[in-house]
There are 2 protein chains.
Amino acid sequence: MPTPVATPTRQETPAVSDQGSEAPCCVPAHGQESLLAGEAEALALRFKALADPNRLRILSIVSSSPEAETCVCDLSEPLNLGQPTVSHHLKIMVEAGLLHREKRGVWAYYSLVPGALGALAATLAPKV
Amino acid sequence: MPTPVATPTRQETPAVSDQGSEAPCCVPAHGQESLLAGEAEALALRFKALADPNRLRILSIVSSSPEAETCVCDLSEPLNLGQPTVSHHLKIMVEAGLLHREKRGVWAYYSLVPGALGALAATLAPKV
DNA sequence: AGGGGAGATTGACAATCGTCGATATAGGCA
DNA sequence: TGCCTATATCGACGATTGTCAATCTCCCCT
């Protein structure tokens, strides 16, 4: 956020401040925002975790695995990505609350967080 | 994509190619990908359109408008963004198929594309 | 015809992101 | 104990993104 302070983007509207009876458009005056900046930022963080083709493929592979569990080495080859890159993508999705990480011995198993994707979907289509 | 050609990431596994009876992990051999690279890329494009707090707020404002229609000037002020920036965000969402643009006179009215968000939500939680 | 205003486009710049190679950590096995 | 292997972390680099100021286009109104 390069401009955290409220910059007076285009207020003033010098002499026409009272266009009164017409106002064909531009009636923001919402009063309360429908989606607060903070909520929007938190939501965007989760959608950002989905905004990469390789991460979507990881989710797809994880969810279609026999036990819905996958370890890193299962992902590196089908995605044609290096191991550090896969680890990086997995970390992003764990931090977004989409994946769960469980270390068993040397291997790390990743699985879907049960309601996470559904909750995100509900955010998109609240009344469906 | 800097490496479009298949780089031999870590095949070989020199003498252990037939670990046969154990294979505790790392059994990619999926055969068919669950999500093809092309589909993943197209999906990611739509999620990218949602991966920004200001765009989420635009969607929220548009969908909560009286006629579910909004023009650019309605968005610039509540979001505290310049007009070109708002236009840019709107264009991204129109190209992602999330918003519909209709020019009436001098104003451009934006509205939700009816099934778009629902279809995306269905992609997230296919069996909910 | 000409002026004015709404919105789109362009160019630039800083910030973020995806990827990799190299290295670190840590658990299992001989 | 010491090596081997699976995963995480670090540092770097190019590509993409979000934002703005300036400009352009086009429609309405006088």
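None of the values given here were measured: they were computed from a predicted structure. Here is the naming used below: chain letters follow the sequence lines, and residue numbers restart at 1 for every chain.
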Could you give the [atom1]-to-[atom2] distance, from [X] to [N], as a whole number of Å?
| X | N | atom1 | atom2 | value |
| --- | --- | --- | --- | --- |
| A:Asn80 | C:dG18 | CG | P | 18 Å |
| B:Leu81 | C:dA6 | CG | P | 18 Å |
| A:His88 | D:dG11 | NE2 | P | 14 Å |
| A:Lys91 | C:dG18 | NZ | P | 14 Å |
| B:Glu102 | C:dG7 | CD | C1' | 15 Å |
| A:Ile92 | C:dC17 | CD1 | P | 7 Å |

Do [X] and [Y] sit in one hydrophobic cluster, given that two such residues count as connected whenever their side-chain heavy atoms are within less than 4.5 Å of each other, even indirectly?
| X | Y | result |
| --- | --- | --- |
| A:Leu35 | B:Leu112 | yes |
| B:Ile92 | B:Leu75 | no |
| A:Leu45 | A:Ile58 | no |

Near DNA chain D, counting only heavy atoms under 4.0 Å, which residues of residues 46-56 of chain A show up? none
Proximity to DNA chain D (any heavy atom under 4.0 Å), residues of residues 93-101 of chain A only: A:Arg101
Does D:dA6 have OP1 or OP2 sitting under 4.0 Å from an N or O in the side chain of A:Tyr110? no
Below the 4.0 Å mark, does D:dA6 have OP1 or OP2 next to a side-chain nitrogen or oxygen of A:Tyr109? no
Between B:Ser64 and B:Ser60, is there a donor-acceptor pair closer than 3.5 Å when you use the side chain of the first and the backbone of the second? yes
Ignoring hydrogens and angles, tell me if any N or O in the side chain of B:Thr123 forms a donor-acceptor pair with the backbone of B:Ala119 under 3.5 Å. yes
Set of residues satisfying side-chain contact (heavy atoms from CB on, under 4.5 Å) with respect to A:Thr85, sequence neighbours excluded: A:Leu81, A:His89
Set of side-chain contact (heavy atoms from CB on, under 4.5 Å) partners for B:Val113, sequence neighbours left out: B:His100, B:Ala116
In the 5'-to-3' direction, what one-character label does each nucleotide of nucleotides 21-30 of chain C receive under the scheme B = base within less than 4.0 Å of a protein heavy atom, S = sugar-phosphate only, - = no such atom? BB----SS--
Would you list the pairs meeting salt bridge (charged side-chain N to carboxylate O under 4.0 Å, His left out) in which at least one residue belongs to residues 94-104 of chain B, sequence neighbours left out? B:Glu69-B:Arg104, B:Glu102-B:Arg104
[X], nearest nucleotide to its side chain (from [options]):
| X | options | answer |
| --- | --- | --- |
| B:Val72 | D:dT19, C:dC20, C:dA8 | C:dA8 |
| B:Ala108 | C:dT19, C:dA8, D:dT7 | C:dA8 |
| B:Ser87 | D:dT19, C:dA8, D:dA8 | C:dA8 |

Do any side-chain atoms of residues 47-54 of chain B form donor-acceptor pairs under 3.5 angstrom with protein atoms, and if so which ones, sequence neighbours left out?
unit_1, atom_1, unit_2, atom_2, d
B:Asp52, OD1, B:Asn54, N, 2.9
B:Asp52, OD1, B:Arg55, N, 3.2

